[in-house]
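Notes follow the structure.
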Amino acid sequence: MARVGIPRGLFFFYQYPLWKTFFTDLGAEVITSSPTSRQTIDQGIDSTVDECCLPIKVYFGHVGQLLEQQPDYILAPRFISIEPRSYICPKFMGIPDMIRAQWPHCPPLIDITVDCSRDTRELWNNIYRAGLLFTGSRKSIYDAYQHGLREMKRVRVWTRQGYSPLEAIELWDGKREGPVKPQDNHICVGILGHGYSLYDPAISLQLIEKLKQLGCKVAFLESCVKEQIEAEAARLPKKLFWTLGRKMVGAALLMDKNPAIDGIVYLACFGCGPDSMVGDIIARKVRHKPFMLVTIDEHSGEGGLLTRLEAFCDMLRRKKVQGFEDNLSPYGLHAHSP
Ligand code: SF4
């Protein structure tokens, strides 16, 4: 049985159920790398150029770990566009070439080109070519792909119910038990960022877990209604042409209006072009909620993040209890005291 390796990074957090179902239905065994660890990050740093953002470095760390398992193929799609007239970060385009340059003797890459801004028949032809590696039956390939799409939709239903994408994938994969415990905490924080940074606990420095430990309920972009996100994003004077960036801006504006959300945290990666622009747009547009931008890279430490989150949550609590921010003086005096 052929073994297909799927690195646990980047599109994994969006599309793992699709591709696992597709290859499994075609008779292949799917293997993944282990969850991100410090070793993965270090391996990624050694395998990429300094200019790459942290998620790309981590992805390369996962590819390196997968190679140790000697798969027959590695799935490394070339994402260009996942919806018409909107694009994915150009770093995704170069992934298969960068892998081949780093590991010239790596197993064959399944480098399906995903460009939905072109004719969708092109996408199907690419998927068909990938399927031909495992079967000659066009119908089996078509059925496997359709099955994969259905599984991905099933996972998305869970994310709308409050699971993070990683939790939903683990639930789907039988690695987690549901249902999610109801979060009845006092304050609610909306979190935003690229999914492969935000939902990878090692990249995000356990941001979600830390907020929960600080007594916060956490709201995700994925639990917002898609049409409402698009309607909010459409209020920008110019359409953002990055799919993920546009969704984040739309979700931020939606969260800004939502009375159940007390504050918003945006996780950005140092060296990320889209983040530098999207984070700034959100900071300017969010008018009614406290907003915090956290920028991370491979040198960031958990202690610094925890201190900032504690301060942010303390401020949200004070604001909620007292109805206003009481402007505590750094000298120990109340700013409004006589
Ligand atoms: S969008 Fe930013 S974080 Fe994502 S791959 Fe591109 S540069 Fe890296």
Side-chain angles (χ1 to χ4, degrees), residues 6-16 33 36 40-41 43-64 74-83 85-99 101-102 109 111-117 164-166 191-205 207-208 220-222 229 233 236 239-252 265-283 293-300 305:
I6 302 184
R8 197 183 279 262
L10 297 181
F11 66 92
F12 174 92
F13 293 90
Y14 295 104
Q15 296 197 337
Y16 175 65
S33 43
T36 310
T40 321
I41 297 173
Q43 197 165 351
I45 292 170
D46 290 344
S47 319
T48 49
V49 292
D50 290 346
E51 288 73 17
C52 286
C53 60
L54 180 56
I56 295 281
K57 288 174 180 164
V58 168
Y59 181 82
F60 272 72
H62 283 291
V63 174
I74 289 187
L75 176 67
R78 189 187 300 279
F79 283 99
I80 298 172
S81 157
I82 55 169
E83 57 182 2
R85 293 184 297 283
S86 214
Y87 294 88
I88 292 292
C89 168
K91 288 200 174 106
F92 276 76
M93 278 187 222
I95 292 279
D97 305 317
M98 288 159 72
I99 294 176
Q102 176 62 25
L109 300 182
D111 56 349
I112 298 165
T113 298
V114 180
D115 185 358
C116 298
S117 281
S164 77
L166 181 61
I191 55 167
L192 297 166
H194 288 103
Y196 39 83
S197 323
L198 200 52
Y199 304 125
D200 184 323
I203 296 182
S204 71
L205 304 171
L207 173 78
I208 298 173
F220 305 106
L221 177 154
E222 287 75 10
I229 291 179
L236 289 183
K239 185 184 172 192
L240 268 180
F241 52 77
W242 296 302
T243 296
L244 301 179
R246 194 186 70 249
K247 286 183 193 301
M248 286 189 279
V249 171
V265 174
Y266 184 95
L267 185 83
C269 289
F270 180 77
C272 167
D275 269 346
S276 65
M277 190 166 164
V278 172
D280 191 62
I281 291 174
I282 294 176
L293 177 73
V294 176
T295 305
I296 45 145
D297 67 7
E298 56 269 40
H299 307 294
S300 302
L305 175 64

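Order of listing sets the numbers, starting from 1, for every ligand and every atom in it.
Within ligand 1, counting atoms from 1 as listed, the ones closer than 4.0 Å to a heavy atom of F92 are 5 (S).
Around atom 2 (Fe) of ligand 1, protein N, O or S atoms at less than 2.8 Å comprise C272 SG.
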*Decide side-chain contact (heavy atoms from CB on, under 4.5 Å) for Y14 and L244; before the verdict, give the C-alpha distance in whole Å, the side-chain angles of both, and the deciding distance to 0.1 Å.*
CA-CA 11 Å; Y14 295 104; L244 301 179; 3.9 Å; yes

*Run the numbers on I41 and L54 for side-chain contact (heavy atoms from CB on, under 4.5 Å), then give the verdict.*
CA-CA 8 Å; I41 297 173; L54 180 56; 4.2 Å; yes

*Show the numbers, then the answer: is there a side-chain contact (heavy atoms from CB on, under 4.5 Å) between C52 and M98?*
CA-CA 11 Å; C52 286; M98 288 159 72; 3.9 Å; yes

*asked:* One pair to check against side-chain contact (heavy atoms from CB on, under 4.5 Å): L267 and I191. What are the steps and the verdict?
replied: CA-CA 8 Å; L267 185 83; I191 55 167; over 6 Å; no

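Every residue two or more places apart in sequence or in another chain that forms a ring-ring contact (aromatic ring centres under 6.0 Å, His included) with F92 is listed here: Y196.
The aromatic rings of F220 and Y199 sit perpendicular to each other, their planes meeting at more than 60°, with 30° as the lower class boundary.
The residue from F270, Y196, W242 that puts a heavy atom closest to atom 1 (S) of ligand 1 is Y196.
A donor-acceptor contact under 3.5 angstrom links the side chains of T36 and H62, judged on distance only.
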